[in-house]
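Below is one structure, written out as structure tokens; comments come after it.
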Amino acid sequence: MWKYPIKYDVIVVGAGHAGSEAAHASSKMGAKTLLLTMNLDTIAKASCNPSIGGIGKGHIVKEIDALGGIMGKITDRTGIHFRMLNASKGWAVRAPRAQIDKAQYSLEMKKLLENTLNLDLKQFIVKDLICKNGCIIGVSTIEGVIFEAKSVILSSGTFMKGLMHIGDKNIAGGRSGDLSSNNLSVSLKNLGFEIKRLKTGTPPRIHKRSIDFTKLTAQYPDDNVKFSFDDVEQKLNFKIPCYISYTTKQTNEIVKRDLDKSALFSGRIEGVGPRYCPSIEDKVVKFAKKEKHQAFLEPEGLNTHEYYINGLSSSLPFSTQVKFIQSMVGLEKAEIMRPAYAIEYDYMPSHQIYPTMETKLIKNLYFTGQLNGTTGYEEAAAQGLIAGINAANKIFEKGEFILKRDESYIAVMIDDLITKEILEPYRMFTSRAEYRLLLRQDNADLRLREYGYKLGLIDEKRYKKVKEKKQIIEREVKRLSKTHKTIEGRSYSLKKLLSRVDNSYEKLIKNYPDDFKNYGKEINDQIELEIKYEGYIKRQKKDVQKLKDLEKIKIPKNFNFEKVLGLKFEAKEKLMKFSPQNLEIASKINGVSFADISILMIALQKNPN
């Protein structure tokens with residue numbers, strides 16, 4: 001083994017969405033960072049669907065951008081179809097989603113990272129983690145090189161012992177066309193980590209020329225939808241439509257007939273799959289009475305004829321895939337370019353990490369992304385960002401960066417990971433956030449940009465812009481409360497006028513231009529939302545305050561739960577497993593009741609050590 005002459009502050013292993021954000025954050029904060037990847041040509045590759053965002057996920061991308069991350073900006077640069085989901089529903093559940101040009105997305109990310117100061121990119125395959133006295137000190141590669149570092153962030157995606165299934169055929173790989181990583185699993189197991197298996201899947205890709213678009217329903221993009229709060233140059237044509245197709249009765253019959261050939265139903269796959277992204281086999285079995293299922297045809301980019309069939313992941317043999325795809329509306333002559341497959345892989349149950357993403361077992365080692373049992377590019381990117389921030393903070397002897405559940409969806413996800421048993425790939429939904437009215441996608445900059453500025457990820461100019469925005473909103477809400485207008489002999493405050501269901505800020509600007517100032521849609525919407533949701537927001541803030549009292553009661557790292565009299569056996573077991581840092585976190589663990597929390601509170605007061 002040859003020791004590389006430069007010792008790094010941070011080494012990031014894996015250049016997917018988690019690794020890219022982690023490497024960018026730590027280097028931007030001044031840490032000398034090395035990003036190691038098996039293939040420099042697949043940085044931030046969208047391995048599955050050619051999209052970013054969606055319900056809950058879109059909120060996360062906006063939060064990443066607010067903190068100074070890069071996923072939102074790259075999406076805005078390479079998007080070809082933008083939509084605001086749930087646009088007709090309440091503001092709390094509205095979410096941006098974009099189809100991206102997959103090849104351009106990866107190229108833009110690579111370009112950005114290559115131009116980031118303090119960051120080196122190298123193509124090596126890591127085989128072993130090097131530790132000394134319970135602390136990570138570097139990694140070794142199959143090429144015979146040792147890289148030393150003060151901290152290591154592991155973001156290996158689905159590559160650890162990745163095994164792909166197409167019918168009764170299985171192929172070792174982290175995704176189609178890429179090698180799997182078997183050595184890392186062995187290294188982690190030898191260090192004492194618990195390892196389990198999960199699975200996910202991807203649908204076939206078909207050739208554009210083989211689609212009969214005249215039989216499909218076109219879905220056109222929305223205007224004025226973006227992910228970044230900053231002005232980002234839109235490089236591509238973002239007017240490309242997507243299309244909707246349906247399975248048929250014949251599709252169901254074909255799938256049912258060959259269920260015994262599916263890796264999912266034959267018992268060959270050991271891992272648990274994502275409940276919220278079922279395969280066509282799952283749909284046909286679980287929804288047997290349903291005659292048709294919707295599928296979305298999404299272009300993979302501007303310079304390719306490949307179309308992704310969203311909603312049809314499968315592990316059936318290729319011959320069966322051809323038959324069921326060609327039984328669908330508009331796909332009667334479909335030509336499959338890439339077959340669907342299921343993939344199972346090793347992951348690390350997330351009770352083994354702290355909210356900083358650092359592992360409990362090995363100091364200065366961080367786990368991110370699908371390694372922690374999550375699914376999706378957005379969830380991975382957010383974890384990478386938090387790990388990168390905390391790794392840099394620790395190197396520079398600054399405090400831990402931990403967001404709260406009432407501050408961000410990122411915090412909701414991490415909180416869920418460290419307090420709940422992840423038995424299936426974790427996916428973010430708005431329903432997971434109890435304070436979702438506070439955590440709208442439209443106000444992520446108002447919630448989080450100050451953190452990004454203090455961390456060094458947001459510059460003075462961008463921070464000044466959000467400060468001015470906040471000041472205008474606060475000033476206008478006060479002014480509208482104090483200013484009255486007489487209408488038809490009755491006096492109303494401008495705030496009262498705006499709070500009416502049948503009124504909007506836009507409407508009142510037209511009707512009363514001298515009273516309602518036009519600050520642009522972004523700020524106008526925030527003023528309206530602050531006033532219309534005032535009562536609900538105050539109520540949620542009161543709930544937040546109640547939990548903050550529990551958060552103040554810390555639990556020592558080596559606290560002996562077994563000696564606490566009165567605690568249920570299940571509570572002791574779960575508390576020992578998850579090692580919560582305070583009573584607020586302990587209160588969210590499944591199997592720990594409020595009675596257990598009361599008993600624990602008394603025990604901590606008597607014996608705080």
Going by distance alone, is a donor N or O of one side chain under 3.5 Å from an acceptor N or O of the other, for [X] and [Y]?
{"X": "Ser315", "Y": "Glu281", "value": "yes"}
{"X": "Asp442", "Y": "Gln526", "value": "yes"}
{"X": "Asn49", "Y": "Glu298", "value": "no"}

[X] pairs by side chain to side chain contact (heavy atoms under 4.5 Å, CB included) with which of [options]?
{"X": "Tyr377", "options": "Met71, Lys57, Lys45", "value": "Met71"}
{"X": "His24", "options": "Val12, Leu112, Leu385, Thr33", "value": "Leu112"}
{"X": "Ser408", "options": "Ile414, Leu67, Leu403", "value": "Leu403"}

Margin query: Is it the case that the ring center of Tyr243 lies less than 6.0 angstrom away from the ring center of Phe213?
Written below: yes
Salt bridge present between [X] and [Y] (N-O < 4.0 angstrom):
{"X": "Glu584", "Y": "Lys588", "answer": "yes"}
{"X": "Arg205", "Y": "Glu306", "answer": "no"}
{"X": "Lys196", "Y": "Asp346", "answer": "no"}
{"X": "Arg405", "Y": "Glu434", "answer": "yes"}
{"X": "Arg449", "Y": "Asp65", "answer": "yes"}
{"X": "Glu450", "Y": "Lys467", "answer": "no"}
{"X": "Glu460", "Y": "Lys464", "answer": "no"}

For the pair [X] and [Y], name the ring-plane relationship: parallel under 30°, tilted 30 to 60°, perpendicular over 60°.
{"X": "Tyr451", "Y": "Phe401", "answer": "perpendicular"}
{"X": "His351", "Y": "Phe578", "answer": "perpendicular"}
{"X": "Phe82", "Y": "Phe227", "answer": "tilted"}

Check: Just wondering, do Arg440 and Arg447 contact through their side chains at under 4.5 Å, heavy atoms?
Finding: no
Next item on the list: May I have the step-by-step check of side chain to side chain contact (heavy atoms under 4.5 Å, CB included) for Leu455 and Lys28, ending in yes or no?
Entry: CA-CA 9 Å; Leu455 289 164; Lys28 191 92 173 175; over 6 Å; no
